[in-house]
Asks: 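Take a look at this one; I'll ask things after.
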2 protein chains.
Amino acid sequence: MAIRPTTDTARCGPCAQWRDGDGPLIREILNRVGDKWSILVIGTLSTTPMRYSDLHAAIPGLSQRMLTLTLRQLQRDGLVDRVAYAEVPPRVEYSLTPLGETLLDTVSSLAQWALDHRDEIETNRASFDAATG
Amino acid sequence: MAIRPTTDTARCGPCAQWRDGDGPLIREILNRVGDKWSILVIGTLSTTPMRYSDLHAAIPGLSQRMLTLTLRQLQRDGLVDRVAYAEVPPRVEYSLTPLGETLLDTVSSLAQWALDHRDEIETNRASFDAATG
DNA sequence: CCGTATCCTTGGAGATACTG
DNA sequence: CAGTATCTCCAAGGATACGG
C-alpha cells in the first residue's frame, strides 16, 4: 500500500503523535508557534528582558489586551518569566526562561527555513497563480 | 541598554526579519506551520502519496472544504504536488514535493521539541494554575 | 506604569447540498 | 471520486475606557 519504502516512515516519528496524546498536545505547542503574537514576543525578548510598555512599543499592532493574554500564556507554559518590582512607579520585567530559549532556537531554525526558501515559494506562487489565471 | 551581552543578539538573526520584509513573509510561513490542517496534511503525506478521499478519511474532523482549501495553499506554495489521472472514476494523487519534505524535516524537529518538553510544560501549567488559583 | 473590563466586529470554519 | 457553492455561527481579536 505504501508507495514509498516503509523506512521513510521513520523520518517523521513525531508525526504519529500530531493528532492525539495526553498532556499538552503537540498541536497546542504548534499553535503557540503559529500564533502571530507569541512568536513576536519571544523573538523580541530574545535580545534582552523588557518591560510591558517596551514590548508594547516594540511590536506594532499589538494591543494591550493581546499582549497581556500572550504573556500570560507564555508565562503559564514556563517560556517567559515575569518579575514585578515593588517600586513607584511599578516596574515589571519579562524575560525568556531557559525553556523559552530552547524554543527560540528551534523556532529560529524554522524562520531560517523560511528565509532560505522564500524566493522559491514566491516563484511557486507566481507560476501557480499564472497557471490558474 | 541591553542587559544581556550584545553577542546574544546573534543567536536569533532571523528574528529581526520576523516583523517585515518583501515577498512571502516569515509570518505567512509560520502561519502555515501553525495552521491546524496544513501540518496534519503534510504529516499524513509524509508516509506516502495519497488520494483526496484517503486524506479525508485519514484526518478526522477535516471537512471537505478545509481539505480543499488547505491542499490549494500547499500546492500554491509548491509544498504539495497534485497529479490528476484522466480515468473513470477520476483519480487524484497528492504528494509532498522535495520542498515540502524539507519543511517536514524542519517541522518535525519542532514536534520533537514539543515531545521532549511536554511534561515540563504540563508541570509548569499545573504550578501556574495552582499559584493563580 | 501595568494592566483589566467591556463592547463590537469580522472572517475562519463547520454543515449541508449540489456538480463534472 | 473529487471537488464547489452557500449559509451560518461563533469566538479571536481590535477599540475604548477604566482601575490598582
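Residue numbers begin at 1 in each chain, while the letters A, B, ... track the order of the sequences.
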Asks: For A:D35 and for B:R51, find the nucleotide of DNA chain D with the closest heavy atom, then tell me which residue's nucleotide is more 5'.
Replies: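 Of the two residues, B:R51 wins.
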Asks: Can you identify which nucleotide, out of C:dG3, D:dG3, D:dC1, has its nearest atom closest to the B:P89 side chain?
Replies: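 Closest of the options to the side chain of B:P89: D:dC1.
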Asks: Starting at atom NE2 of B:H56, determine the distance to atom P of D:dT4, rounded to an integer number of angstrom.
Replies: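 The answer, rounded to whole Å, is 14 Å.
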Asks: So if I take every side-chain heavy atom of A:W37 and compare against C:dA13, D:dG14, D:dG3, which nucleotide ends up nearest?
Replies: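 So the side chain of A:W37 is nearest to D:dG14.
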Asks: Across the strands shown, which category fits A:Y94 at heavy-atom distances under 4.0 angstrom: base, sugar-phosphate, nothing?
Replies: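 If one applies the 4.0 Å heavy-atom cut-off, A:Y94 turns out to touch the sugar-phosphate alone, with no base involved.
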Asks: Would you mind reading off the distance between A:R72 atom CZ and C:dA5 atom P, rounded to a whole angstrom?
Replies: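 Interatomic distance, CZ of A:R72 to P of C:dA5: 11 Å.
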Asks: Taking atom P of D:dA12 as reference, at what distance in whole Å does atom NZ of B:K36 sit?
Replies: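 Distance check: B:K36 NZ to D:dA12 P gives 12 Å.
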Asks: Drop me the distance from B:H117's NE2 to A:L79's CG, to the nearest 0.5 angstrom.
Replies: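 One gets 10.0 Å once the value is rounded to the nearest 0.5 Å.
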Asks: Between atom CD in A:E93 and atom C1' in C:dG3, what is the gap in whole Å?
Replies: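 The distance from CD of A:E93 to C1' of C:dG3 comes to 16 Å, rounded to the nearest Å.
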Asks: Check this for me: does any side-chain nitrogen of one of A:R118 and B:E28 sit under 4.0 Å from a carboxylate oxygen of the other?
Replies: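 Not counted as a salt bridge, because no side-chain N and carboxylate O are separated by less than 4.0 Å.
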Asks: Say whether, by atom type as modelled, one donor and one acceptor occur between the side chain of A:N124 and the main chain of A:E120 under 3.5 angstrom.
Replies: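 At least one qualifying donor-acceptor pair exists.
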Asks: Can you tell me how far C1' of C:dG20 sits from CZ of B:R91, to the nearest Å?
Replies: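 Those two atoms, CZ and C1', are 19 Å apart.
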Asks: Taking atom P of C:dG3 as reference, at what distance in whole Å does atom OH of A:Y85 sit?
Replies: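 Rounded to whole Å, this separation is 13 Å.
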Asks: When rounded to the nearest 0.5 angstrom, what distance separates CG in B:L55 from CG in B:L71?
Replies: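 The CG atom of B:L71 is 6.0 Å from CG of B:L55, to the nearest 0.5 Å.
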Asks: Can you tell me the distance, in whole Å, between the CG atom of A:N31 and the P atom of D:dA11?
Replies: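 Going from A:N31 (CG) to D:dA11 (P), I get 16 Å.
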Asks: Rounded off to whole Å, could you give me the CZ-to-C1' distance for the A:R82 and C:dC1 pair?
Replies: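 After rounding, the reported distance stands at 12 Å.
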Asks: Using a 4.0 Å cut-off on heavy atoms, which residues in residues 61-69 of chain A reach DNA chain D? List them by number, or say none.
Replies: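 When residues 61-69 of chain A is checked for heavy atoms under 4.0 Å from DNA chain D, the hits, listed by number, are A:S63, A:Q64, A:R65, A:M66.
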Asks: Is the backbone of B:G34 close enough, under 3.5 Å, to the side chain of B:S38 for a donor and an acceptor to pair up by distance?
Replies: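 No, the answer is negative, given that no donor and acceptor are paired below the 3.5 Å cut-off.
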